[in-house]
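Some notes on the structure that comes next.
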Amino acid sequence: MTVTVQPKALTDYMARDFRMLVDGSWVEAEGGGTLERVAPGHGVVVSRYQAGTKRDAERAIAAARRAFDDGRWPNMTGAERSNMLLKAADLIAARADELAYLDAIESGKPISQAKAELGGAVDIWRYAAALARDLHGESYNTLGQGTLGVVLREAIGVVSIITPWNFPFLIVSQKLPFALAAGCTTVVKPSELTSGSTLVLGEILLAAGVPAGVVNIVTGTGPEVGSVMATHPDVDMVSFTGSTGVGRLTMANAAQTLKKVSLELGGKNPQIVFPDANLDEFVDAAVFGAYFNAGECCNAGSRLILHRDIADEVTARIAELSKKVKVGDPLDPTTQVGAIITPQHLEKIAGYVSGAKDAGAGVALGGEALDLGLGQFMAPTILSGVRPEMAVAREEVFGPVLSVLTFETTEEAIRLANSIDYGLSAGVWSRDFDTCLTIGRRVRAGTIWMNTFMDGASELPFGGYKQSGLGRELGRHAVEDYTETKTLNMHIGARTNWWMPR
């Protein structure tokens with residue numbers, strides 16, 4: 001049995017009311033509506049947001065446009081922007097417990113995980129601050145005595161940033177500080193399910209000295225607010241993280257005005273395991289990769305591709321370790337798997353498990369929802385005997401569900417890994433470096449982990465191949481994604497023989 005932690009009712013918690021940030025002021029939605037967030041782990045209303053409208057999105061875009069065009073942000077020096085980002089990082093660190101608590105109650109993630117994510121976010125803001133001072137262009141003194149070429153990097157302009165519910169603060173931190181470091185102004189739309197920590201971030205940025213209009217935060221739904229942010233002619237770029245389906249729609253909307261688009265989308269990430277691997281380390285990584293953030297993670301290691309000689313043994317060991325995973329109250333520091341984001345999403349996860357069983361897969365562990373008296377929870381689940389054509393092996397379940405497939409040769413393992421539409425990340429486990437490097441070079445994914453899984457750092461780029469997205473976040477080139485290049489072709493001295501002879 002999975003170890004469960006009974007959630008406690010939030011009897012002493014008063015639901016928090018939030019407003020939107022537009023042009024440096026906290027405002028209500030033009031239509032006057034609100035959205036209520038029910039905590040997925042506790043079943044009570046914990047937050048109320050403004051139900052932003054098309055007009056609210058337009059107001060925010062206009063504010064960002066003015067703040068860019070009058071130069072109050074892009075004309076600052078890199079050092080000035082860097083100092084504000086560093087101050088914001090310090091303020092985030094000072095309010096980390098508050099921010100983590102908001103993320104935990106609104107998303108259902110374990111509080112210990114939320115606190116760790118805040119630590120990672122602080123590091124990202126500090127890293128982006130360093131890049132603000134390092135953004136540079138190129139010069140070409142090789143074009144002849146009469147010509148000098150200079151390539152400038154300039155902020156692209158107004159950026160729409162649309163973030164999902166599964167990592168509310170971490171993902172906005174993978175986008176916003178780099179856009180600000182480049183000199184862009186922004187309109188941010190967090191998920192309507194988990195907007196709280198992003199709105200607190202707005203307070204932090206104002207306190208750090210970021211001028212009015214540089215960061216605007218509009219809450220609301222995708223059809224009402226997000227669609228405007230993707231289509232408005234005064235927006236120069238859209239940065240979106242979410243499902244592949246919505247990513248396609250965002251790209252289509254942005255195409256109406258030929259905006260630059262950055263997309264971080266879904267994944268169905270394989271871990272390929274050879275018989276010579278350190279199985280003790282792999283089993284631990286497999287459990288972590290499958291159940292971290294309740295599997296509601298684009299990077300989840302949800303697809304195990306095990307060598308046939310070790311498949312039964314490894315599956316049994318993963319099942320035994322999975323039984324020790326603590327599922328339950330997101331606010332209990334010992335919880336490892338929290339609540340599922342909504343009842344509808346829990347139903348979707350259960351539907352994938354049911355469909356796999358109907359198609360002939362076995363259930364080595366779990367397979368059902370857990371009734372803990374409050375909220376919605378899913379037992380860690382392992383499906384054995386999964387075939388490549390099954391939906392659970394090809395589509396993103398976004399829940400604590402692990403599918404086990406088998407292979408016999410390296411070529412077969414590579415073919416299985418590359419056989420789906422996603423290419424976000426992958427893992428390979430072997431003591432043989434040649435094997436790891438072969439998999440690393442031939443599997444089409446943005447990140448390949450070798451004898452580890454789901455490690456990361458601010459310095460390492462993150463993004464996917466195929467339908468897992470476009471562009472990269474993090475890394476030393478992250479700021480450049482929010483820029484345009486401009487060529488200055490300069491003639492030196494008197495020009496002769498221009499067009500017509502004299």
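FYI, side chains are in, hydrogens and waters are out, and symmetry mates aren't considered; it's all heavy atoms of this structure.
The main-chain N or O of S419 is found under 3.5 Å from a side-chain atom of R394 such that the two form a donor-acceptor pair. Remark: the backbone N or O of A29 is not paired with any side-chain donor or acceptor of D56 at under 3.5 angstrom. With T335 contributing its side chain and G338 its backbone, the two residues share no donor-acceptor pair below 3.5 Å. Judged purely by atom type and a 3.5 angstrom limit, T244 uses its side chain to pair as donor or acceptor with the backbone of Q467.
Taking CG of L35 as the reference point, atom CD of Q50 lies at 8.5 Å (rounded to 0.5 Å). Of the inter-residue distances, the one linking S25 atom OG with M20 atom CE reads 12.0 Å to the nearest 0.5 angstrom. A distance of 9.5 Å separates CZ in F292 from CG in N299, rounded to the nearest 0.5 Å.
Residues I318 and V287 are in side-chain contact: their nearest non-hydrogen atoms beyond the backbone lie under 4.5 Å apart. Looking at heavy atoms from C-beta onward, D97 lies in side-chain contact with K115 at the 4.5 angstrom threshold. Within the 4.5 Å cutoff, side-chain heavy atoms of C298 are placed close to those of F462. Two residues are said to be in side-chain contact when any heavy atoms from C-beta on lie closer than 4.5 Å; Y482 and L180 fail this criterion.
The two atoms that bring M454 and C297 nearest to each other are SD-SG, 4.2 Å, heavy atoms only. The minimum heavy-atom distance linking T381 with E368 is given by the pair OG1-N, 4.4 Å.
Partners of T452 according to the side-chain hydrogen bond (donor to acceptor under 3.5 Å, both in side chains) rule, which considers only residues two or more places apart in sequence or in another chain, are D455. Among residues two or more places apart in sequence or in another chain, the salt bridge (charged side-chain N to carboxylate O under 4.0 Å, His left out) test is passed with D234 by none.
No hydrogens or angles considered: nothing links the side chains of Y422 and E396 as a donor-acceptor pair under 3.5 Å. Between the side chains of T250 and N253, no donor-acceptor pair is found at a separation under 3.5 Å.
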Show the atom names and distances, to 0.1 Å, of all donor-acceptor pairs under 3.5 Å that link a side chain in residues 156-176 to residues at least two apart or in another chain.
| residue | atom | partner | partner atom | Å |
| --- | --- | --- | --- | --- |
| S160 | OG | M229 | O | 2.9 |
| N166 | ND2 | E296 | O | 3.2 |
| S173 | OG | W125 | NE1 | 2.9 |
| S173 | OG | F169 | O | 2.9 |
| Q174 | NE2 | E473 | OE1 | 3.1 |
| K175 | NZ | S239 | OG | 2.9 |
| K175 | NZ | T241 | OG1 | 2.8 |
| K175 | NZ | E473 | OE2 | 2.5 |

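Within 6.0 Å of atom CD in E459, more than 12 heavy atoms from other residues, nucleotides or ligands are found, so the atom counts as buried in its surroundings.
Here K466 does not pair with D421 in a salt bridge; the nearest charged N to carboxylate O distance is not below 4.0 Å. Classification of E192 and K189 as a salt-bridged pair holds, one side-chain N sitting under 4.0 Å from a carboxylate O.
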